[in-house]
Number of protein chains: 2
Amino acid sequence: METRHAVTARTSPESARDIPEATVARLPIYLRALTTLSEQGTSTCSSEELAAAAGVNSAKLRKDLSYLGSYGTRGVGYDTDYLRYQIAREIGVTQDWPVVIVGIGNLGQALANYSGFRSRGFRVVALLDADPARHEEVVAGIDVRPFDHLEQIVRDHAVAIGVIATPALAAQDVADRMVACGITSILNFAPTVLNVPDQVDVRKVDLSIELQILAYHEQRKAASA
Amino acid sequence: METRHAVTARTSPESARDIPEATVARLPIYLRALTTLSEQGTSTCSSEELAAAAGVNSAKLRKDLSYLGSYGTRGVGYDTDYLRYQIAREIGVTQDWPVVIVGIGNLGQALANYSGFRSRGFRVVALLDADPARHEEVVAGIDVRPFDHLEQIVRDHAVAIGVIATPALAAQDVADRMVACGITSILNFAPTVLNVPDQVDVRKVDLSIELQILAYHEQRKAASA
DNA sequence: CTCGGTTTGTTCTCGCGTTCACAAACTCCT
DNA sequence: AGGAGTTTGTGAACGCGAGAACAAACCGAG
Ligand SMILES: NC(=O)c1ccc[n+]([C@@H]2O[C@H](COP(=O)([O-])OP(=O)(O)OC[C@H]3O[C@@H](n4cnc5c(N)ncnc54)[C@H](O)[C@@H]3O)[C@@H](O)[C@H]2O)c1
Ligand SMILES: NC(=O)c1ccc[n+]([C@@H]2O[C@H](COP(=O)([O-])OP(=O)(O)OC[C@H]3O[C@@H](n4cnc5c(N)ncnc54)[C@H](O)[C@@H]3O)[C@@H](O)[C@H]2O)c1
């Protein structure tokens with residue numbers, strides 16, 4: 001046991017053992033549920049309450065939280081604000097994350113106007129578009145700038161996260177440029193598979209895939225009726 | 001073998017054995033990759049090629065396709081258009097799916113303007129909003145109508161799929177109304193947990209969760225450096 | 001017709017995630 | 001102080017999905 005200590009501590013001084021991906025994906029949901037409870041004046045909550053608010057099984061919730069540490073009190077529950085802070089710290093939303101959005105069309109404008117960014121620690125530092133006609137525009141109080149400014153902006157603001165909202169054909173090029181100037185996390189809305197180096201994280205949001213999954217189940221319901 | 005035939009055929013006359021959820025979620029990706037290949041003039045492709053285009057492992061691809069049936073030819077590969085049709089049929093995108101969008105703000109307008117809907121068999125039959133000021137507007141060639149018209153529209157067009165793009169506070173009410181008038185599949189963009197009956201499918205798209213997941217990994221990268 | 005080369009469809013194994021169930025730990029009341 | 005009632009944290013069982021590996025099936029050449 002004692003000799004294993006180095007292994008546990010290797011990754012980082014403070015906590016940071018490896019949390020399962022499935023759990024990481026749920027932590028933001030718990031965070032939101034805790035914020036809601038806190039706003040309603042709930043200072044303490046049980047795993048049962050919190051699980052209900054988050055829409056998950058209470059056993060799963062407790063197991064997820066156990067990866068972070070022991071922040072609850074048996075027989076009592078969790079202190080809402082304390083747990084909220086611990087999860088926020090673990091995810092990293094206690095700090096400020098600068099973000100660039102590339103492709104300020106229908107979707108890019110909606111994203112720029114989305115207030116849920118700022119309130120969770122993400123700050124849009126630039127809007128970029130390749131179309132010169134758009135460079136006149138101001139969206140959500142931010143100037144739309146030429147895509148060529150990417151390198152400078154990323155350097156000046158130490159941007160690590162980029163959002164792609166261009167047409168599918170341009171997405172790979174944009175991603176390559178992002179990677180080249182040091183961005184290591186990409187959120188991709190274009191319906192295409194991006195090829196990036198291993199150390200770069202890509203998450204994709206694909207609306208039409210979601211609809212097609214719904215259609216599949218809808219079809220099955222109709223068939224069995 | 002022979003006696004098992006009834007079991008295979010029980011669920012439905014045409015195919016429709018139960019496909020794993022993980023596979024269902026990937027079928028739309030394969031569909032898109034096949035469309036791309038087909039447009040490039042590729043009439044036949046191996047599992048290796050298709051897997052590369054879809055960004056998955058070739059063994060996983062073959063396993064996924066095996067749930068649909070045996071549509072390939074050993075030693076040759078898959079006929080691009082034939083496989084594409086089979087997947088489209090299995091998902092249900094060979095038919096037309098009427099869709100309503102509720103909440104025509106920043107995001108709702110972007111969705112209404114999204115061409116990827118129509119091209120995959122989804123037809124926006126109505127845009128609904130509670131704000132009377134918006135009822136003057138025309139978005140993407142479609143009139144914005146009062147939310148109260150929901151029941152009539154769902155009845156007239158046999159709508160099964162609804163999209164929610166309202167603020168979080170309104171989302172549960174909108175979902176309740178949708179369920180009450182017969183909608184059985186909901187795509188929810190509001191950052192809230194929806195309570196619906198079991199037979200109703202809900203999928204949620206949550207941008208800020210995606211960003212938070214990226215932030216978590218970004219933080220870990222920074223910590224280990 | 002046979003044989004070598006190719007690619008599919010499937011079997012098997014392994015690891016991850018979910019869920020159950022319960023001991024440990026805490027509060028409150030008597 | 002002690003016991004009843006609550007709730008957490010976790011060990012263990014289970015099921016599903018990922019990937020490796022291989023036999024079966026197909027093509028084409030000779
Ligand atoms: N609109 C939606 O609701 C929606 C939903 C899901 C997915 N998507 C996807 O999101 C992407 C954007 O959709 P949209 O409706 O906003 O499209 P859009 O055409 O309205 O906007 C695309 C923008 O990207 C810019 N652009 C093109 N090439 C570029 C480049 N190389 N560098 C920088 N900017 C470039 C264009 O000038 C334009 O402003 C598309 O891939 C689309 O498939 C959109
Ligand atoms: N804008 C984005 O990029 C983005 C991204 C992710 C998630 N979201 C979420 O999507 C939702 C919509 O975002 P938005 O930026 O479009 O907001 P928005 O305020 O621009 O639009 C909301 C629209 O919903 C309408 N509405 C309100 N209550 C309604 C009701 N009961 N019935 C029908 N319509 C109603 C409003 O009139 C308004 O037009 C929000 O929940 C937001 O958190 C938005």
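Chain naming here is simple, since letters A, B, ... match the order of the sequence lines and numbering starts at 1 in each.
The CG-P distance, from A/D64 to D/dT10, rounds to 13 Å in whole Å. Computed from coordinates, the B/L65 CG to D/dG17 P distance equals 16 Å when rounded to whole Å. Rounding to whole angstrom units, CD1 of residue A/I19 and C1' of C/dT18 are separated by 18 Å. In this structure, the OH atom of A/Y67 is 11 Å from the P atom of D/dG11, given to the nearest Å. The nearest whole Å value for the distance from the CZ atom in B/R62 to the P atom in D/dA18 is 15 Å. What separates CZ of A/R74 from C1' of C/dC28 is a distance of 18 Å, to the nearest Å. Between the CG atom of B/L68 and the C1' atom of C/dG9 there is a distance of 13 Å, rounded to whole Å. We find that CG of B/L61 is positioned 14 Å from P of C/dT7, with the value rounded to whole Å.
Listed for the B/T80 side chain is a donor-acceptor partner under 3.5 Å among the backbone atoms of B/T42. A donor-acceptor contact shorter than 3.5 Å links the side chain of B/S66 to the backbone of B/K63.
Look at B/S70 and you'll find a side-chain N or O under 4.0 angstrom from OP1 or OP2 of C/dG9. For A/S47 and D/dT8, the shortest distance from a side-chain N or O to OP1 or OP2 is below 4.0 Å. For D/dG9, the OP1/OP2 oxygens have a side-chain nitrogen or oxygen of A/Y78 closer than 4.0 Å. Residue A/R26 has a polar side-chain atom (N or O) positioned under 4.0 Å from OP1 or OP2 of C/dT18.
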Verdict with supporting geometry, A/L31 and B/Q212, side-chain contact (heavy atoms from CB on, under 4.5 Å): CA-CA 10 Å; A/L31 195 56; B/Q212 289 175 60; 3.5 Å; yes

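Checked by distance alone, B/K63 brings a side-chain donor or acceptor within 3.5 Å of a matching partner on the base of D/dG19.
When every heavy atom of A/A165 is checked against every heavy atom of A/L111, the shortest pair comes out as CB-CD1, 4.4 Å.
In summary, the side chains of A/Y114 and B/N106 do not present any donor paired with an acceptor at a separation below 3.5 Å, with no hydrogens or angles considered.
For A/E21, taking side-chain heavy atoms from C-beta onward, the closest of the listed nucleotides C/dG17, D/dA18, D/dT8 is C/dG17. Here the side chain of A/K60 is nearest to one of C/dG9, C/dT19, D/dT8, namely C/dT19. For B/S46, the side-chain atoms get nearest to C/dT7 when compared with the rest of C/dT7, D/dG17, C/dA24. Picking from D/dT8, C/dT19, D/dG9 the nucleotide with the shortest atom distance to the side chain of A/N57 gives C/dT19.
Comparing B/V76 and A/V76, the nucleotide of DNA chain C nearest to each residue sits closer to the 5' end for B/V76.
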